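Structure record follows, encoded as structure tokens.
Predicted model, so just to flag it, every value in this text is computed and none were measured.
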Amino acid sequence: ATARDRLAAAANAAAAARVLGRAAARWREAGIDFARAIYPFENHAWERGLTLAWRRASPTTRLVGFQHPRPARLLLSYHLGPGEDRRAPLPDRIVTSGELASKLLTAWGLPGDRLLVGGAIRQGDLLRRTGGRMPQPRASTVPSKVLLAMPIGLDEAAEALMVFLD
């Protein structure tokens, strides 16, 4: 994507946050309260604007951010400076895509007491189809072949390999 494309996407996201924030205020004025609002979480500026708008419009609504991609070390929006966790508009709860994501986000300054280890939403149907239990692998005499797509960064690749071999 070009710089122009990225600017357009950022402007669209900021506009969407403004519209959703205003919608929250109008719903509140109409007597409609939400117990919870869930949105994708990457801690971008537009999300902070959305969080501020929802807090102002509907202070009783619990905000839940779902951290959906694997947090990349160079995605600076995930890194908080000293004390920023107390001042930044963050959701009440952040559901992570797994244990590793939770550990990384905590190490990068996000408040651990707001993090909840979840899983990939796109794989939620697996639990429903198995009655809440993952199927056990079948014994096989045929050697398994697994393609492990590795991250570009050497540190992440080493960590992924260690997790895989465990």
Side-chain angles (χ1 to χ4, degrees), residues 6 9-10 12-25 27-28 32-136 148-153 155-157 159-164 166:
R6 291 183 190 271
N12 289 341
R18 186 171 173 85
V19 168
L20 288 171
R22 183 64 191 129
W27 289 322
R28 179 76 172 200
I32 301 169
D33 288 319
F34 291 91
R36 190 172 292 109
I38 303 171
Y39 60 93
F41 178 80
E42 293 181 36
N43 204 29
H44 289 301
W46 71 266
E47 296 170 46
R48 292 177 179 213
L50 178 64
T51 299
L52 286 171
W54 269 88
R55 293 235 190 275
R56 189 171 29 249
S58 185
T60 59
T61 300
R62 284 191 48 103
L63 301 177
V64 179
F66 180 75
Q67 174 275 316
H68 54 104
R70 181 186 182 279
R73 158 178 77 172
L74 296 178
L75 186 57
L76 299 180
S77 61
Y78 283 129
H79 297 262
L80 298 184
E84 191 177 355
D85 62 323
R86 293 185 302 278
R87 297 185 308 274
L90 296 170
D92 299 304
R93 180 70 78 187
I94 301 167
V95 179
T96 67
S97 58
E99 186 69 38
L100 176 61
S102 183
K103 288 178 183 177
L104 289 172
L105 294 176
T106 302
W108 296 339
L110 284 160
D113 61 335
R114 292 191 190 200
L115 299 178
L116 178 66
V117 175
I121 289 176
R122 69 179 181 268
Q123 295 166 346
D125 191 51
L126 291 175
L127 291 177
R128 277 190 294 282
R129 287 189 285 157
T130 62
R133 291 179 311 208
M134 294 301 290
Q136 296 300 312
L148 182 60
M150 301 301 284
I152 292 174
D155 292 340
E156 288 89 354
E159 185 174 5
L161 186 58
M162 287 181 353
V163 168
F164 176 76
D166 262 346

Fill in: Residue pairs involving residues 50-65 (criterion salt bridge (charged side-chain N to carboxylate O under 4.0 Å, His left out); sequence neighbours excluded)
Arg55-Asp92
Discussion item. Could you report the tightest heavy-atom contact between Thr51 and Leu63, atom names first, then the distance?
Written reply: CG2-CD1, 3.7 Å
Item to complete: Please round to the nearest 0.5 Å and tell me the distance separating atom CZ of Arg48 and atom CG of Leu90.
Response: 6.0 Å
Worksheet item: What's the shortest heavy-atom distance between Pro40 and Glu47, and which atoms?
Response: O-OE1, 3.5 Å
Worksheet item: Once the angle between the rings of Trp54 and Trp27 is folded into 0 to 90°, is it parallel (under 30°), tilted (30 to 60°) or perpendicular (over 60°)?
Response: tilted
Worksheet, complete the sentence: So the salt bridge (charged side-chain N to carboxylate O under 4.0 Å, His left out) pairs with at least one residue in residues 73-82 (sequence neighbours excluded) are Arg73-Asp155, Arg73-Glu156
Worksheet item: OG/Ser97 to CZ/Phe41 distance, rounded to the nearest 0.5 angstrom?
Response: 12.0 Å
Worksheet entry | Gap between atom CG of Leu116 and atom CD1 of Ile94 - 0.5 Å precision | 10.5 Å
Worksheet, complete the sentence: Closest non-hydrogen contact found for Pro91 with Gly65 is CB-N, 3.7 Å
Response to the item:
Taken in chain and number order and not counting sequence neighbours, the residues that satisfy side-chain hydrogen bond (donor to acceptor under 3.5 Å, both in side chains) with Thr61 are Ser58
Practice prompt. For Arg28, enumerate each residue passing the salt bridge (Lys or Arg N to Asp or Glu O under 4.0 Å) test, keeping only those at least two apart in sequence or located in another chain.
Written response: Asp33
Worksheet entry | Spacing of His44 atom NE2 and Leu50 atom CG [to the nearest 0.5 Å] | 13.0 Å
Discussion item. Show the nearest heavy-atom pair for residues Ala57 and Ala24, with the distance to one decimal.
Written reply: CB-C, 3.8 Å
Name every donor-acceptor pair, under 3.5 Å, that has one atom in a side chain of residues 103-112 and the other anywhere in the protein, sequence neighbours excluded.
residue	atom	partner	partner atom	Å
Thr106	OG1	Ser102	O	2.9

Discussion item. For Glu42, give me all partners under salt bridge (Lys or Arg N to Asp or Glu O under 4.0 Å), at least two apart in sequence or on another chain.
Written reply: none
Worksheet item: Is Asn43 close to Leu80 at the side-chain level, that is, under 4.5 Å between some pair of heavy atoms?
Response: yes
